[in-house]
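Step one of this worksheet: look at the structure below.
Just so you know, ligand 1 is whichever comes first in the structure, and atom 1 is the first atom listed for that ligand.
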Amino acid sequence: MDNMTFVLFGGTGDLAKRKIYPALYNLFLEGKMPKTFSIIGLGRGDMTEEQFHKGVENSIHTFSRHLSENDFKIKAFLNTIRYSQFDANTMDDYQRLLKLVKDRENELNIPENRLFYLSVSPVFFDTIALNIKQSGLGTTTGWKKLIIEKPFGHDLKSARELNSKLSNAFKEDEIYRIDHYLGKPMVRNIEALEFANPVLQALWNNKFIANVQITASETVGVEQRAGYYDQAGAIRDMFQNHMLQLLMMTAMHSPKQIGANEIREEKRKVLEALRPLNKDEVEQNVVRGQYGAGVVDNENVSGYKDEPGVAINSQTDTFIAARLWIDNPDWSGVPFYIRTGKKMREKSTRIVVEFKKSGDELYLNEDSNQLVIEINPNEAVTLHLNSKNPINGHMESMDVEYVSEQSDVPDGYELLIYDALLGDSTYFAHWNEVELAWNWVQPILDAFEENRIPLHEYEPGLNGPEAAHRLLEEDGFKWSLDK
Ligand code: NAD
């Protein structure tokens, strides 16, 4: 791995504290950082290096997966970090940053390999990228990389504008767009499950699969994020990015080889084959909901509109369910159902693949076989089969289950940062995917904006609005595993 500089914009923020420093520290402990590296944390606040190091140390103590048994390691890690006060809109600050980066490169005798991680509000993405270029920070004799977080645009138009600005400063293969669902170990496992198992591979098509259900339900409400969430809703916060990534991972064809280009190419083909919805078809295929007030576990809970920071007449979706069709020879005729929402009964991210029933008349009444891929909070794969009870001869369900018992699984950010350091972009969203996803979602955004479809109020602590259940009933199915 190349020696390099890691420049962290937003180095005093929440994401940096909870995820990025612990990830870097764990990589460091496991010997997965370059031999020599420099980390530069940036933030708006005026603080000494010592104060900044204290903050990083606290974040490691609070959030790190590993803690070293002695102080020596953490001191060595902190030693690689410098802090610089920084305002994204002040050109002089970029010049100061450039000087600091170069001084450290000279001091450590490392090449001009620079990774810029934008852990800041998206309003700064274009300004920072432009100024990296104009200040000379991006003019290196080594490589440069840019990591950015979602949200990547607010709609198709803004995403295109942002991408065109970023691409003035960075080439596509230098941009690593984090979708942290692609950092989840079980999501990374989907491709292996499908393609390394001929048994499943043979069944992974419309001849055997009746429908696919992808759920990401949360029990929490909007919490402290109302300012952002009320502008975004479930469609932008979850659906356009994470949920469509899960769909792509599930439905993609086997790539010719396992590599970033090949896998991302197969994912792109899935989105290209998604049957477009026009505004008039949204109502038949999409359900939007918002949680109302209610009682959960004997406690009164507020409705979304009464949450602090939410507009009292807000029409924002806290739940969305949709039926999608992939018009290619493998998936034609198989509905994919996606739903995600807040204040639901259970915290669960899972994919349920429901197989067609046996054509054999003798067993017509048996349950469908199902493959359940649990992503979060548990990691498990279960195959539900039908079997005969040896004592009474009755049919019953037999579950073949694998539950990950690994206790020390790296956090998604750790896996993703490691990939970016290595230059492996397999599990980062390519611009093609982001653009096609916005393109598919745009008529839904328009229909929501124009209030063309109802906003169903749903009871907190349950499984979303009735309309989301009817969506499947229309096709003769029901959401599986709902408690
Ligand atoms: P935060 O508000 O906690 O931190 C923001 C950081 O930006 C701070 O370091 C602050 O000093 C810096 N900053 C603010 N104004 C600045 C300016 N004018 N110039 C330079 N720096 C400035 O935010 P966060 O929660 O850490 O989120 C950072 C990014 O990550 C956002 O894009 C957010 O959407 C995304 N994100 C966050 C989370 C999370 O769990 N916190 C999860 C997913 C994505």
Side-chain angles (χ1 to χ4, degrees), residues 6-24 39-47 51-56 58-59 62-63 81-98 100 116-132 135 137 146-154 158-159 162 166 175-184 216 218 220 222-234 236-243 245 309 340 342 349 376 411-417 420 428-429 434:
F6 190 103
V7 183
L8 182 55
F9 296 83
T12 52
D14 177 66
L15 186 70
K17 281 184 196 146
R18 283 192 310 108
K19 297 289 182 184
I20 303 173
Y21 297 123
L24 289 168
I39 296 175
I40 297 185
L42 305 170
R44 286 258 286 188
D46 179 14
M47 65 176 95
Q51 287 168 324
F52 185 68
H53 281 181
K54 198 81 216 145
V56 174
N58 285 343
S59 95
T62 317
F63 298 110
I81 306 179
R82 297 291 176 275
Y83 177 71
S84 187
Q85 190 179 8
F86 178 86
D87 175 30
N89 296 314
T90 307
M91 200 56 195
D92 284 353
D93 286 0
Y94 291 86
Q95 291 305 335
R96 264 195 311 117
L97 174 61
L98 176 61
L100 177 58
F116 303 97
Y117 194 134
L118 307 197
S119 180
V120 288
S121 155
V123 299
F124 298 121
F125 286 173
D126 51 351
T127 310
I128 294 179
L130 178 71
N131 288 333
I132 286 174
S135 63
L137 272 159
L146 179 75
I147 300 187
I148 53 173
E149 284 280 331
K150 72 161 199 191
F152 197 87
H154 191 71
S158 60
L162 172 60
L166 293 185
I175 303 176
Y176 294 76
R177 295 179 196 81
I178 286 196
D179 183 307
H180 69 271
Y181 273 55
L182 293 179
K184 293 183 188 292
E218 297 175 89
V220 295
V222 67
E223 298 183 300
Q224 285 80 38
R225 295 167 70 221
Y228 153 75
Y229 194 86
D230 205 36
Q231 303 300 314
R236 293 183 176 89
D237 187 46
M238 292 291 295
F239 192 97
Q240 183 272 341
N241 34 58
H242 310 315
M243 304 307 283
Q245 283 292 346
T340 179
K342 291 192 174 293
T349 304
N376 192 32
D411 179 75
Y413 278 85
E414 199 177 318
L415 295 172
L416 289 166
I417 290 173
F428 293 86
V434 177

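- By the ring-ring contact (aromatic ring centres under 6.0 Å, His included) test, Tyr21 pairs with no residue at all, sequence neighbours left out.
- In this structure, the protein non-hydrogen atom closest to atom 28 (C) of ligand 1 is Ser119 O, 3.3 Å.
- Close N/O approach between Ala88 and ligand 1 is found [any backbone or side-chain N/O within under 3.5 Å].
- No side-chain donor-acceptor contact under 3.5 Å links Thr349 to the backbone of Ala216.
- Residue contacts with ligand 1: Pro151 is placed with no nitrogen or oxygen under 3.5 Å of a nitrogen or oxygen of the ligand (distance criterion only).
- Residues satisfying the ring-ring contact (aromatic ring centres under 6.0 Å, His included) test with His180, not counting sequence neighbours, are His242.
- Checking side-chain atoms of Arg236 against main-chain N and O of His154 turns up a donor-acceptor pair under 3.5 Å.
- Close N/O approach between Asp14 and ligand 1 is found [any backbone or side-chain N/O within under 3.5 Å].
- Closest to atom 38 (C) of ligand 1 among all protein heavy atoms lies Leu15 CD1, 3.6 Å.
- The protein heavy-atom contact nearest to atom 4 (O) of ligand 1 is Gly13 CA, 3.2 Å.
- Residue contacts with ligand 1, taken as heavy atom pairs separated by less than 4.0 Å, involve Arg44 via backbone and side-chain atoms alike.
- Looking at ligand 1, you won't find any N or O of Gly43 less than 3.5 Å from one of its N or O atoms.
- When non-hydrogen atoms are compared, ligand 1 lies under 4.0 Å from the side chain of Phe124 (C-beta onward) but not from its backbone.
- Of the protein's non-hydrogen atoms, the one nearest atom 44 (C) of ligand 1 is Glu149 OE1, 3.2 Å.
- Atom 2 (O) of ligand 1 lies below 4.0 Å from none of the non-hydrogen atoms of the protein.
- Ring centers of Phe86 and Tyr94: under 6.0 Å apart, within the cut-off.
- For the pair Arg96 and Asp93, the salt-bridge criterion is met [side-chain N within less than 4.0 Å of a carboxylate O].
- Each of the atoms 9 (O) of ligand 1 lies under 4.0 Å from some heavy atom of Gly11.
- Near Thr12, meaning under 4.0 Å from any of its heavy atoms, are these atoms of ligand 1: 8 (C), 9 (O), 10 (C), 11 (O).
- The cationic atom of Lys184 (NZ for Lys, CZ for Arg) lies less than 6.0 Å from the six-membered ring centre of Tyr181 and within 45° of the ring axis.
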- request: For the pair Asp87 and Arg44, evaluate salt bridge (Lys or Arg N to Asp or Glu O under 4.0 Å) and give the outcome as yes or no after the intermediate values.
  value: CA-CA 6 Å; Asp87 175 30; Arg44 286 258 286 188; 3.5 Å; yes

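- The side-chain tip of Arg177 points at the ring of Phe152 from less than 6.0 angstrom away and within 45° of straight on.
- If you number the atoms of ligand 1 from 1 as listed, the ones under 4.0 Å from a heavy atom of Phe86 come out as 19 (N), 20 (C).
- Considering backbone and side-chain N/O atoms, Asp87 comes within less than 3.5 Å of an N/O atom of ligand 1.
- With rounding to the nearest 0.5 Å, the separation of CE in Met47 from OG1 in Thr12 is 5.5 Å.
- From the protein, the heavy atom lying nearest to atom 33 (C) of ligand 1 is Lys150 O, 4.2 Å.
- Glu223 CD: more than 12 foreign heavy atoms inside a 6.0 Å radius.
- Here the straight-line distance linking atom CE of Met238 with atom NZ of Lys342 works out to 7.5 Å at 0.5 Å rounding.
- The closest approach between Arg18 and ligand 1 falls below 4.0 Å for a heavy atom of the residue.
- At least one N or O atom of Val120, backbone or side chain, sits closer than 3.5 Å to an N or O atom of ligand 1.
- Regarding atom 6 (C) of ligand 1, its nearest protein heavy-atom neighbour is Gly10 CA, 3.6 Å.
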